[in-house]
Amino acid sequence: MIGALVAREVQGAFARGGALLPVLFFLLVATLFPFAVGPDRDLLAAVGGGALWTAALLAALLPVERLVEPDRASGVLDQLAARGIAEEAVALAKLLGHWLSFGPPLLLAALPAAALLKLPGATLLRLELGLLLGTPGLAALGLMTAALTAGLRGAGAVAGLLMLPLAAPLLIFGAGMLRTGQDASAPKLLAAASLALVALAPFVAGAAIRAGRT
Amino acid sequence: MHALANPARFLSFARPLTPWLGWGGAALLGASLFGGLFLSPRDYLQGETVRIMYVHVPTAWLGMGGWAALAAASASHLVWRHTLAGIAARAIAVPGAVMTALALATGAIWGRPTWGTWWEWDGRLTSMLLLFFLYCGYLALNAAERERGGEAKLSAIFGLVGAVNLPVIHFSVIWWNTLHQPPSLTTEGSAIDASIAWPLLGSTIGFTLLFAAIVLMRMRAILGQARFAARLRRAAA
């Protein structure tokens, strides 16, 4: 059952083109950033990785509106509840499906983005590793925010305000991984923050889906 | 605590308690600030600027304590479905956000002469700034949820999730010991001389009593609004 739900999430994301949107946004930021700070190779190599992390954070905000709200509005969530499937299980399936349609495309998009920002190879490797560790946490935060704001007016603006402060640890440790000569604690802390968010997300999102029924 | 979940019983003690807390807090705060600003000695190193502490420490404590209370109220709202707890959480959010903003502002004013900078990306400063944004997010979510109607359960869930920031703020000065000093007042004793510690303690308690009075007043106002709306609905029916 969970597998079917995960497959449904992934199919829905790719069919509606929703999975493409964050990736395009991510690449667009990578294109605009050199316009803003100038195409100087050294400067871009120094700040480009951090800029891509910020772009990834903002890109994670885009799919929030289509994660829970369509299923809530069309009654799919109620149908699943009527079949006796716990909201937490639905949330877990949504988390897996969301990461599959968000994480790998973003990891791929980081390659051309790194080329646009003239990132050195070593930085690119650390960025990819960081995104691999961090995107599950970003997906978890996106799902929690989506469940909390589903059906509310001005959900998009509220979602940004809820999600971005809580995403700060991922950004701090993810960008901390990029710097050379940094001690080995940044990847561990990034993985820990990401893991904590992933562990929390099914319960928070499940409770929020239930609370949203009032 | 469960006996207080009844709004009528809550009002019967909140109404007389408010002026005691409010005036008592104001008097204590006035006396402590007078003591702190005029009677206590200047710091041998920081000079007169140390007196900002008598506002900075209480507001920072209330910014953090405010979210802890908000999270506790949210938990009891979710677990026991006490509507009054949800109202308490909502009543705490605005003064809590103001206190956090005041702590950040006084910290910046204090940092300029002593650290030589208005702002530094230090762990304590950053996590307090995030706390302020979490308060803003809570208020936005709560407003959107009230517009839809129903109990404010989504805000309560967010109140609990946001509490993960509190230990980060508390331990930030130990984990990343960059600029902000570690705690001076611990359970093992005080690194502050008594002549400074007494006014600080007084102003902290004074600020806290005032904070409690404001929260009680806001809770009564929210209850009054709900009662008014119900009366209007009955009159229209």
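Atom set for the values below is all heavy atoms of this structure, side chains included, hydrogens, waters and symmetry mates excluded. Every chain is numbered from 1 and lettered A, B, ... according to where its sequence line falls, protein lines coming before strand lines.
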Tell me if the [atom1] atom of [X] is crowded by more than 12 foreign heavy atoms within 6.0 Å.
X	atom1	value
B:Arg146	CZ	yes
A:Phe25	CZ	yes
B:Trp115	CH2	yes

Check: Any side-chain heavy atom of B:Phe158 sitting closer than 4.5 Å to one from A:Leu166?
Finding: yes
Look up atom [atom1] in [X] and atom [atom2] in [Y], then write down how far apart they are to the nearest 0.5 Å.
X	Y	atom1	atom2	result
B:Leu141	A:Leu161	CG	CG	9.5 Å
A:Leu148	B:Lys153	CG	NZ	13.5 Å
B:Leu154	A:Arg210	CG	CZ	12.0 Å

Show me the side-chain donor-acceptor pairs of residues 149-159 of chain A shorter than 3.5 Å, one per line, residues at least two apart or across chains.
from	atom 1	to	atom 2	distance (Å)
A:Thr149	OG1	A:Thr145	O	2.8
A:Arg153	NE	B:Glu147	OE2	2.3
A:Arg153	NH2	B:Glu147	OE2	2.8

For residues 80-96 of chain A against chain B, heavy atoms under 4.5 Å, the residues are none
